Amino acid sequence: MRVGALAVLGALVPLVVLATLTLTKSEAAVRHEVGARLRLTTALSSALVAEQVGSIVSVIEGAARRPRLVQALADGDPDRFDHAEIDQQLQALQEYRQGRTTSGLLDLDGILRGIPGAPELLGRDFSNRGYFKGVVATGGTYVSEAFVSAVRARPFVVSIATYVRAPATAGQSLGLPLGVLAASVELGEVQEIVDHVAAVQGVNLWIADQKNRLVAVPDGRPTALRPVASAPIDSVAEVPAGRLVDVDDGGEELLALRQQVLPLGWTVFAAVPRDQAYAGATAIRTTVLAIASPLGVMVCAGIFVLLRTQRRQWRAEAQLALARDEARNASRQKSEFLANMSHELRTPLNAILGFSELMAGEPADGDNRSVPSAWIDHIRTGGKHLLVLINDVLDLSKVEAGRIELFPEPVDLAAAIDEAVAALGPLLSDRKLRLTTTVPPLTIPTDRVRFRQILNNLLSNAIKFTPTGGQIFINAHRAGDQVHVSVTDTGPGISLADQARVFTEFSQVGDVKLRAGGTGLGLPLARRLAQAHGGDITCESETGHGARFTLTLPTAPHARPGAPPDPATTTAYPSGGILVIEDDTAASQLLRTRLERAGYLVTVAVTGDGGLAAARSCQPDLILLDLAVPGLDGRLVLKQLKDDLQLRHIPVAVITIAGDQEVGVALGAVDYFVKPVQHDALLGWLVHHSFIPPLDDHTVNVLVIDDDPATLAVVAEALQRQGVRVIDAVNGTDGLRLARAHTFDLIICDLLMPGIDGFTVIAALHDDPATRNVPVLVLTSQDLTQHDRNRLAGKTLAIMAKGSETPADLQGWIHHLTEITAVTH
Ligand code: ADP
């Protein structure tokens with residue numbers, strides 16, 4: 001929003017500035033022009049007025065100098081005045097102004113001595129009149145301020161008076177005064193000038209006399225002499241002459257200025273209405289606005305469109321950012337999960353490794369060691385815990401990949417719940433929790449194992465989060481074609497915000513201390529399993545008031561049937577013939593164990609000399625020689641072996657460190673193994689080179705084909721305890737080779753192996769008449785689809801899943817088998 005406003009401002013401001021500048025400039029220009037015009041008009045008008053009044057003054061002064069008038073005044077003594085001549089002269093003066101001048105003659109005492117047309121005034125004393133006093137005071141011509149005449153139409157008049165002087169004698173600039181010639185002059189011309197200028201220039205004019213009374217105004221001569229203060233241009237009188245000012249004439253704005261009329265001391269005011277003066281500028285303003293407004297609208301519209309587009313982009317960017325944050329969040333959760341998981345995996349692993357080490361360190365009694373059974377329990381518990389974790393992760397990945405297979409069967413709800421509760425019984429009593437179960441008699445079609453898994457998760461969470469002495473309730477009831485099974489606890493509960501999160505993979509909520517030992521996988525997995533059944537799990541809770549998780553399942557079958565099992569195996573069998581010359585006892589011990597488990601007879605020598613001696617005495621089928629053996633150097637031992645006619649035919653494979661292998665081969669070794677020796681590779685090599693251990697006719701011989709050394713070890717261990725000989729094959733090819741070389745009582749085969757897989761091995765065993773009758777047991781960690789099962793049908797004895805029960809299950813099978821063997825033998 002802010003960006004939008006800024007963009008609009010950014011675009012409009014230059015436009016407004018441009019328009020304003022244009023208008024201001026044009027206004028300034030107009031003002032300048034108006035000022036010039038008014039100054040010119042006032043200058044012109046004041047010149048005209050000055051000239052007008054000046055010309056009258058000249059006429060009166062001319063009349064006062066006329067010799068006949070001067071003569072008529074004799075020496076200034078009124079008694080000797082020639083009154084007839086005076087009257088004639090005065091008459092002539094009045095005619096000059098066509099009756100708009102009244103003239104009179106006063107003697108030097110101010111007594112009126114001549115006035116045409118008003119003899120009644122003769123002899124009156126006018127010595128206290130302004131014009132008389134003005135003349136006496138200045139000695140020159142006097143022009144009075146305006147006044148209203150008492151005669152006829154009461155015109156505005158001014159009085160002009162001047163001395164009538166005797167001719168100047170030598171040495172005098174002026175002659176002696178004889179009398180005073182006075183004239184009252186109407187100011188009609190002044191108003192005419194004003195009217196004329198107003199008409200021609202379109203300018204209003206006012207003219208004020210030296211007392212600031214208006215003698216001419218724009219709308220025709222006023223009836224009385226009023227002060228300038230009564231006119232709109234009043235304020236102009238205050239500012240210096242020639243300066244243009246704004247005047248408010250009762251709502252109308254005027255531009256006005258004034259000018260002095262020299263030398264009268266009068267003032268000309270001129271004004272024009274602002275509107276009229278600015279008409280041109282206003283036209284420009286209208287044009288500019290007419291252009292600027294649509295331009296502004298277009299700019300705004302453009303910005304609006306741009307902003308919308310931009311907003312869309314911002315929104316897209318925000319979504320991207322959201323997706324990025326989600327991805328980061330997911331990645332963070334994954335990291336947390338991995339950290340959690342590795343902690344969880346390490347804990348049981350520590351137990352397994354720690355206790356195995358303790359066991360290894362226990363004093364041996366011949367080949368046996370006695371270890372406390374608690375240690376073995378720890379190892380078993382650790383192993384089981386690991387298995388649960390790994391199974392959860394695998395299950396989840398299967399559900400996510402949509403590969404979960406369900407095997408619904410009619411399950412008695414009450415019995416299934418009792419079973420689950422019984423399994424957790426010890427935990428319940430440890431924590432002194434009271435459990436109340438209310439379940440109606442009901443059978444539902446469900447996958448028994450998965451149902452147990454779901455219930456187990458809900459129950460163990462309830463147990464985990466309920467404080468000691470608390471209560472747990474299990475309730476089940478039917479609602480239409482669904483059954484609801486709820487597990488309610490009196491624990492800390494889950495906040496509303498967290499309720500949705502508990503079903504998200506790897507999410508743990510609430511008190512950190514209580515979460516310990518969890519992975520955040522249980523609930524998501526349980527819910528996915530419920531959904532795979534056509535049901536769901538929901539959560540209701542209030543912080544501080546316990547939690548209720550409700551499992552909903554359909555009462556009619558939903559999930560498609562499938563079939564998963566697993567198997568796997570191993571075993572070893574002894575046979576003579578391999579001499580190991582190796583000084584590192586741990587390494588030689590490992591080699592011996594692995595080889596013996598694979599059925600080979602093994603002799604170990606820890607020095608070069610010892611090795612040579614052993615080779616001579618036992619004539620092995622193969623010598624495994626460590627080139628770094630102490631005493632006689634490995635290379636020397638090899639040379640001596642090859643030089644000795646009795647021994648040179650025995651193949652020697654050297655064990656060496658990386659980079660040294662060529663030496664051994666150069667000295668006549670058949671092959672080499674780089675330390676640390678990969679036992680699978682060694683066993684494979686032996687079978688490839690036909691070093692196949694002989695079978696023992698007196699025992700049950702089992703071939704185990706599996707690429708996982710751990711599985712081989714577990715199976716061998718489990719079966720050897722029953723006196724069974726176990727031969728290992730670490731891949732399908734070796735397995736087939738061994739199976740064809742000997743007749744085994746049982747072949748245990750893994751399915752998923754590099755190279756030839758179990759399905760192919762089993763098919764080949766089945767197709768070969770030599771091996772067809774050997775029973776085959778599949779031991780796999782893979783979940784089998786119906787298609788897989790169909791492929792194996794008729795070719796295998798059974799399919800077993802690898803897991804914690806493997807040894808026991810295998811022993812069961814062997815027991816079964818030996819019974820059969822005993823019968824057949
Ligand atoms: P885990 O228990 O292994 O951490 P779950 O998926 O079973 O994983 O549970 C996820 C989280 O849900 C738990 O860590 C816990 O925070 C919360 N939770 C589950 N059940 C309850 C319960 N009954 N009471 C309180 N919190 C629970």
Side-chain angles (χ1 to χ4, degrees), residues 1-37 202 244-256 272-337 400 494-507 509 524 527 531 536 538-539 543:
M1 217 51 252
R2 277 226 319 261
V3 178
L6 283 178
V8 170
L9 273 180
L12 286 187
V13 162
L15 202 64
V16 171
V17 167
L18 185 70
T20 315
L21 271 182
T22 312
L23 297 179
T24 318
K25 288 273 178 204
S26 63
E27 282 193 7
V30 167
R31 201 177 172 84
H32 181 74
E33 189 270 329
V34 167
R37 198 162 113 223
L244 191 67
V245 284
D246 292 282
V247 174
D248 181 9
D249 178 16
E252 192 186 14
E253 302 261 310
L254 301 174
L255 290 173
V272 286
R274 215 188 130 85
D275 286 353
Q276 194 186 319
Y278 280 97
T282 310
I284 294 175
R285 178 205 299 260
T286 316
T287 314
V288 168
L289 287 180
I291 295 169
S293 310
L295 210 63
V297 169
M298 275 160 65
V299 167
C300 287
I303 288 170
F304 177 72
V305 170
L306 268 179
L307 276 179
R308 272 183 63 135
T309 321
Q310 186 62 40
R311 266 231 301 279
R312 255 181 233 143
Q313 194 178 332
W314 284 333
R315 218 174 289 146
E317 278 168 12
Q319 278 167 353
L320 273 181
L322 196 71
R324 184 199 58 213
D325 290 348
E326 277 173 3
R328 277 191 191 151
N329 201 22
S331 145
R332 186 180 48 75
Q333 281 191 343
K334 196 171 165 188
S335 314
E336 277 174 15
F337 165 72
E400 282 195 333
I494 304 167
S495 74
L496 199 63
D498 286 338
Q499 283 175 28
R501 287 181 50 216
V502 296
F503 294 109
T504 308
E505 288 80 1
F506 318 134
S507 285
V509 301
R527 188 185 213 185
Q531 287 167 341
D536 202 359
T538 52
C539 169
T543 317

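The structure presented is a predicted model; accordingly, all values stated were derived computationally and were not measured.
- Here OG of Ser495 is found 8.0 Å from CZ of Arg501. Values are rounded to the nearest 0.5 Å.
- For the pair Asp249 (side chain) and Glu252 (backbone), a donor-acceptor distance under 3.5 Å is absent.
- Here salt bridge (charged side-chain N to carboxylate O under 4.0 Å, His left out) pairs that include residues 273-284, with residues two or more places apart or in two chains, are Asp246-Arg274.
- Every residue was checked against the side-chain hydrogen bond (donor to acceptor under 3.5 Å, both in side chains) condition with Thr543, not counting sequence neighbours, and none meets it.
- In this structure, Cys539 and Ile494 approach most closely via the heavy-atom pair SG-CD1, 4.1 Å.
- Take Thr504 and apply the side chain to side chain contact (heavy atoms under 4.5 Å, CB included) test, not counting sequence neighbours, and it matches Gln333, Ser507.
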Derivation of the side chain to side chain contact (heavy atoms under 4.5 Å, CB included) call for Val34 and Tyr278:
CA-CA 9 Å; Val34 167; Tyr278 280 97; over 6 Å; no
Dump the intermediate steps for side chain to side chain contact (heavy atoms under 4.5 Å, CB included) on Asp325 and Arg328, then the final yes or no.
CA-CA 5 Å; Asp325 290 348; Arg328 277 191 191 151; 4.1 Å; yes
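- Remark: Gln276 CD to Leu255 CG distance equals 10.5 Å, nearest 0.5 Å.
- Shown here are the salt bridge (charged side-chain N to carboxylate O under 4.0 Å, His left out) partners of Asp536, two or more places apart in sequence or in another chain: Arg527.
- Counting heavy atoms from C-beta outward, Leu496 and Gln499 have side chains that approach closer than 4.5 Å.
- Judged as a side-chain hydrogen bond (donor to acceptor under 3.5 Å, both in side chains), and not counting sequence neighbours, Arg308 has no contacts.
- Here the shortest heavy-atom pairing between Ala277 and Val30 reads O-CG1, 3.2 Å.
- The side chain to side chain contact (heavy atoms under 4.5 Å, CB included) test applied to Val245 returns Val236, Val239, Val247, not counting sequence neighbours.
- Take Gln319 and apply the side-chain hydrogen bond (donor to acceptor under 3.5 Å, both in side chains) test, not counting sequence neighbours, and it matches no residue.
- Residues meeting the side-chain hydrogen bond (donor to acceptor under 3.5 Å, both in side chains) test with Gln313, sequence neighbours left out: Glu317.
- With sequence neighbours excluded, no residue satisfies side chain to side chain contact (heavy atoms under 4.5 Å, CB included) with Val297.
- Applying the side chain to side chain contact (heavy atoms under 4.5 Å, CB included) test to Arg315 and every residue at least two apart in sequence or in another chain returns Arg311.
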